[in-house]
Amino acid sequence: GILSEYLGMAGCSARSDSLRCWPVSWLLLRKDVEEEEFLVIFLGCDGGSTKQMLLVDHTGQVLAHRIFPGCNFAFWVRRFRDLMVRSVQTLLADSGITSQQITSAMLSLTVYGEVPGTEEFFPQVMQSILPDCPLQFSNDSVAGWCGSLAGRPGINIVAGTGSVAYAKFGRKRLRDR
């Protein structure tokens, strides 16, 4: 979902083992990365009741993937920062890379944009963890929609512990929890 969301905005799709396309000119990269280096390491996070994080390089190779405890800000305000720090550190240790090597990140988090203050707090927390990395954020319902429909118009409905629906048709977007 999260990788599909990030790439789907550029008309790309992702499979679990590789990318079908990776338009370097479109990616938000750290300012010190030259296209000629072509060393792109992407961090993706789909966070909610469970949190999946992955690191992927420019070839589509998954460098690390983990499922962590949920990071629902609405329930765990005080522990959110610590959980995110530990999760990123674990992923980096699994992959053998440093935070300075991550060139771009996309985080889709529960309640982002729904709870007042999340649009400021989430970036502040993540910028303290990845200070040189361009960050993008969205609500986790958007990642679910993009992952299920590869960025195409339609409706994604999740009915589990919690329920959420997200739909996009042209410029119209609808979300309900």
Side-chain angles (χ1 to χ4, degrees), residues 1-30 33 38-73 80-81 83-113 118-119 121-152 156 158 164 166 168 175:
I2 189 65
L3 189 57
S4 295
E5 177 182 351
Y6 190 78
L7 297 175
M9 293 177 197
C12 295
S13 60
R15 299 187 318 250
S16 61
D17 59 341
S18 66
L19 304 177
R20 293 187 185 170
C21 64
W22 191 283
V24 174
S25 61
W26 177 83
L27 290 172
L28 286 178
L29 299 176
R30 286 191 344 241
V33 173
F38 206 67
L39 179 60
V40 175
I41 298 178
F42 166 78
L43 179 138
C45 174
D46 182 3
S49 298
T50 59
K51 178 174 77 264
Q52 292 196 49
M53 293 183 96
L54 74 142
L55 287 169
V56 179
D57 73 10
H58 65 279
T59 68
Q61 178 69 36
V62 176
L63 304 174
H65 174 258
R66 284 274 190 126
I67 298 175
F68 296 100
C71 63
N72 190 330
F73 176 78
F80 179 81
R81 181 179 169 21
L83 181 61
M84 296 306 282
V85 167
R86 282 194 313 273
S87 299
V88 170
Q89 288 172 342
T90 300
L91 210 62
L92 293 172
D94 287 354
S95 66
I97 67 165
T98 67
S99 63
Q100 291 80 21
Q101 291 175 283
I102 298 174
T103 53
S104 189
M106 176 69 193
L107 298 101
S108 287
L109 303 169
T110 299
V111 305
Y112 178 78
T118 55
E119 292 174 326
F121 181 73
F122 290 166
Q124 287 172 356
V125 167
M126 293 310 297
Q127 202 65 59
S128 72
I129 300 167
L130 301 169
D132 299 320
C133 185
L135 303 168
Q136 291 186 53
F137 294 85
S138 74
N139 188 281
D140 65 333
S141 62
V142 178
W145 162 79
C146 200
S148 67
L149 296 167
R152 293 187 184 99
N156 180 61
V158 176
V164 63
Y166 183 85
K168 184 173 179 186
R175 179 177 62 215

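- In summary, of the residues considered (F121, F80, F137), a ring pair (Phe, Tyr, Trp, His ring centres under 6.0 Å) with Y112 occurs for F137 alone.
- Under the 4.5 Å side-chain criterion, counting only non-hydrogen atoms from C-beta, Q136 is in contact with M106.
- With a 4.5 Å cut-off on side-chain heavy atoms, L55 and L92 count as touching.
- Residues passing the side chain to side chain contact (heavy atoms under 4.5 Å, CB included) test with R86, sequence neighbours excluded: D82, L83.
- Atom-to-atom distance recorded for I102:CD1 and D132:CG is 10.5 Å, nearest 0.5 angstrom.
- A side chain to side chain contact (heavy atoms under 4.5 Å, CB included) with Y166 is found for exactly one of V142, L149, V158, namely V142.
- Between the T118 side chain and the G113 main chain, a donor and an acceptor come within less than 3.5 Å of each other.
- Formation of a donor-acceptor pair under 3.5 Å by the Q127 side chain with backbone atoms of Q124 is not found in this model.
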Is there a side-chain contact (heavy atoms from CB on, under 4.5 Å) between M53 and T90? Walk through the geometry before answering. CA-CA 10 Å; M53 293 183 96; T90 300; over 6 Å; no
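- Contact check for C45 versus L109: side-chain heavy atoms found under the 4.5 Å cut-off.
- Partners of S128 under the side chain to side chain contact (heavy atoms under 4.5 Å, CB included) rule, at least two apart in sequence or in another chain, are R81.
- Here L63 contributes atom CG and Q101 contributes atom CD; the two are 9.5 Å apart, rounded to the nearest 0.5 Å.
- No side-chain N or O of Q61 forms a donor-acceptor pair with one of T59 less than 3.5 Å apart.
- Taking each heavy atom of N156 and G144 in turn, the nearest pair found is ND2-C, 3.3 Å.
- Applying the salt bridge (charged side-chain N to carboxylate O under 4.0 Å, His left out) rule to pairs touching residues 96-108 yields nothing, sequence neighbours excluded.
- Residue A105 comes nearest to C133 through the heavy atom pair N-SG, 3.8 Å, listed as atom of the first residue, atom of the second, then distance.
- Here the straight-line distance linking atom CZ of F68 with atom CG of L91 works out to 5.5 Å at 0.5 Å rounding.
- With hydrogens and angles ignored, the 3.5 Å screen pairs a side-chain donor or acceptor of T110 with a backbone N or O of G47.
- To the nearest 0.5 angstrom, S95 atom OG is 10.5 Å from R66 atom CZ.
- Atom-to-atom distance recorded for M84:CE and I129:CD1 is 6.0 Å, nearest 0.5 angstrom.
- A donor-acceptor contact shorter than 3.5 Å links the side chain of T103 to the backbone of I41.
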